[in-house]
There are 4 protein chains.
Amino acid sequence: MDKKQLIIKHAADVIAEKGYHGATPKVIAGRAGIAVGTIYLYFKSKEEILNYIFVEEFKKREKFLLGLNTKDYSFYEKLELFLDFHFDELESDESTGTVLIQESTNPQQQSLEGVQKFLTELPEIFADMLQQAQNKNEIRALDSQFAARIIFHSIRGAVMELKKEAVQKGHEDIKHELKTFFWNAIKKKEGELPNENHQDE
Amino acid sequence: MDKKQLIIKHAADVIAEKGYHGATPKVIAGRAGIAVGTIYLYFKSKEEILNYIFVEEFKKREKFLLGLNTKDYSFYEKLELFLDFHFDELESDESTGTVLIQESTNPQQQSLEGVQKFLTELPEIFADMLQQAQNKNEIRALDSQFAARIIFHSIRGAVMELKKEAVQKGHEDIKHELKTFFWNAIKKKEGELPNENHQDE
Amino acid sequence: MDKKQLIIKHAADVIAEKGYHGATPKVIAGRAGIAVGTIYLYFKSKEEILNYIFVEEFKKREKFLLGLNTKDYSFYEKLELFLDFHFDELESDESTGTVLIQESTNPQQQSLEGVQKFLTELPEIFADMLQQAQNKNEIRALDSQFAARIIFHSIRGAVMELKKEAVQKGHEDIKHELKTFFWNAIKKKEGELPNENHQDE
Amino acid sequence: MDKKQLIIKHAADVIAEKGYHGATPKVIAGRAGIAVGTIYLYFKSKEEILNYIFVEEFKKREKFLLGLNTKDYSFYEKLELFLDFHFDELESDESTGTVLIQESTNPQQQSLEGVQKFLTELPEIFADMLQQAQNKNEIRALDSQFAARIIFHSIRGAVMELKKEAVQKGHEDIKHELKTFFWNAIKKKEGELPNENHQDE
DNA sequence: CATGAATGAGCATTCATTCAT
DNA sequence: TATGAATGAATGCTCATTCAT
């Protein structure tokens, strides 16, 4: 197995478990069954490990999202496919998902190139998709930038919850719930805000 | 001036800026214009400062939410009032809001009583409100626990974004956008999921 | 009650219990029911408290020993009276005795005037007594300086033991054992205890 | 060179000189010519260093004393051999001896396994030897437990004195004085030192 | 390539002492 | 006198990083 991937894998495990600061190179090396020094043959610093994780995961999602745009999907289909992709990723590698969510909130980590990309470029692509959907009249009028971020962070939140509740509910149910939730939030059609209704009365 | 509040205030500032680990007692004391030792006159440990912040903020929100339930508001009104309250809090004390969002994701902090309350009891109260709204037929059928958490974390996410973009958009606009978003996501009435529509075609 | 004595009393208690370094002014003040600042009205420093204890206890013993020399006792009688005096002191104020033994071994404390006196002048007086006894042919030939110190430290050791064993044996028994032990060690030739001789006469 | 022994050696030096509390890891490391962190590669804490010293020295003495019992020595010979052994140890490593005596009186250190063993098990073995000697009629009737402790602590005291007086008197003289002192204190009846008897034969 | 002992700046915390009240 | 909140130097210990083997 590629040693760089071996390190990344165990680093993600330990960071997910103990947080970035609790994850010492010694512990990561121990888990990976290698020497501390070996980590520094593949990464310049501990920070770079985290950065690498974010860069890799960003690339995967970016590629997928850009790929979606080349095909002739409705926005709802895109949303669905992206959520499926996202959840599949999380299922296949739980700790990496946790790390993405956990460590992106830390201000000291937000200067990392990978974290920054993950946090700004990904919602950006998503916002573009929302804007196109709006142009095509597939969804209601909304601030696409803002809505993209709400959705992006809601997914983060949903994932956080999933860790906690020892999964009473299956991933499938949660995905469905999320899709419905978001679709209702952004879809075209009926319904003004109730207080506008109130004002009519 | 109350020294405990002085410490809390500057601790929140520094934690918001540098993260919990970057916020050393030395720096906090420096900002507050007091000696390091003084911190430990009011708090048993650095951890206790963070915990205190969470406990206090939890109490405020709990009180407000429980207060809402005693009055005869529609769910939409409740949602609106809570968002108003929440955003007002954040506006009046930006760093505390940042801390709440930032530090609640760290696994090492999640064992703190205050963090735990904030992360579990608050969505719980919110879930109760959603459940009642469902019973009264105010909103569509949904998993109230899960929806509560999506909303809760979306607010967290929205707040995170607000910090970043040097507020191109005003709080008022964001509040309105969020209200609309959530209300559409959960309101009664029209509209099945589009793919169900597709299947009909 | 004299406040200086009040402080000394509780300081001795705490030092006996936790050692000099474990005895913080805060704890001492707490036990004495006074404020920390008050201690510093009566003592220049924490070190001075310890010094004061040693000086006071040294004075008591010095006075007693010098007093013995003015009277016409046999050496055995003197030894007996001194042991009685010493044990009586310990019984009436256990923690002070513990402090004397405990803290005199610490090299950082040995520069204190009081500790130094206790550790050097007291055995010196005792050595003089031994020397006189030798001159009068009451005891065997020995190095009086050295013997004085052996005896002095044996008493310290005996006292240390007394603390530990929850006193299975009474003070009286221990005193008798010590007297016999020392007397045999230094007496002229074989023979009975001198006061047994006296009783015979 | 073994680094654990290097640390122990310099730790003992510094503790002997400044006491346990004055011996900071920084100073110990400085003396040993290593970094502070290196200490913690070999010892879990500063306390463990002290404990290790006591455990090691206890083992040495225990082994020697138990070894004596397997051979057919008279008690006087045993006493003599033990004193010789003890003083040889002290001569070859002065600071360790000082530490044993100095730090065993501190109540906070007395909970350490090694200190406890040194202070209770060693006199216990000695007491057994005294009891056997009594049974064989080699020495007078006495409380073997108590006498063992007097002797044990007298040796401690004698050692303490030795440090101080810049050794006016040689170790040999002191050993002889101690042997005579103890032998007189415990021997059967009047009489000469046993080895003088031996020489007579 | 791989190792892991060694490093030392930096951390959270304590506590003897002061001083305005 | 008496107070006790405030101080900040100093403590024991950790951990990201290096480098000789």
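Lettering follows sequence order; numbering is per chain, from 1. When reading the values below, keep in mind they use all heavy atoms of this one structure, side chains included, and skip hydrogens, waters and symmetry mates.
Judged by the 6.0 Å and 45° rule, B/Lys59 forms no cation-pi pair with B/Phe54. For the pair A/Lys46 and A/Tyr40, the NZ or CZ position fails the cation-pi test of under 6.0 Å to the six-membered ring centre and within 45 degrees of the ring normal.
Residues that satisfy the side-chain contact (heavy atoms from CB on, under 4.5 Å) test with D/Glu121, not counting sequence neighbours, are D/Phe58, D/Glu62, D/Lys117.
Summary of the strand contacts: B/Thr24 and A/Gly33 both lie near DNA chain E, and taking for each the nucleotide with the nearest heavy atom, the more 5' one is attributed to A/Gly33.
Per the geometry, NZ belonging to C/Lys18 stands 14 Å off C1' belonging to E/dC15, to the nearest Å. Atom CG of A/Leu50 and atom C1' of F/dA16 are 15 Å apart (whole Å). With rounding to whole Å, D/Ile49 atom CD1 is found 10 Å from F/dG12 atom P. Summarising the geometry, the separation between NZ on C/Lys4 and C1' on F/dA2 is reported as 17 Å, rounded to the nearest angstrom. Atom CZ of D/Phe43 and atom P of F/dT14 are 15 Å apart (whole Å).
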Whenever both distances are under 3.5 Å in a Watson-Crick or G-U wobble pair, mark it; put DNA chain F into dot-bracket that way, with [ ] for crossing pairs and | when the partner is on another strand.
.||||||||||||||||||||
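Distance OG/B/Ser95 to CG/B/Leu100: 10.0 Å, rounded to 0.5 Å.
As judged by a 4.0 angstrom heavy-atom cut-off over every strand, C/Thr38 is placed among the base-contacting residues. Using a 4.0 Å heavy-atom cutoff across all strands shown, B/Ile34 reaches sugar-phosphate atoms only and no base atom.
Within the 4.5 Å cutoff, side-chain heavy atoms of D/Gln102 are placed close to those of C/Pro107. Side-chain contact between D/Lys9 and D/Asp13: present, with at least one pair of heavy atoms (C-beta onward) separated by less than 4.5 Å.
The pair A/Glu57-A/Arg61 counts as a salt bridge, with a side-chain nitrogen and a carboxylate oxygen less than 4.0 angstrom apart.
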Could you list all N or O pairs between the protein and nucleotides 17-21 of chain E that sit under 3.5 Å apart?
| residue | atom | partner | partner atom | Å |
| --- | --- | --- | --- | --- |
| E/dT17 | OP2 | C/Tyr40 | OH | 3.1 |
| E/dT17 | OP2 | C/Lys46 | N | 2.9 |

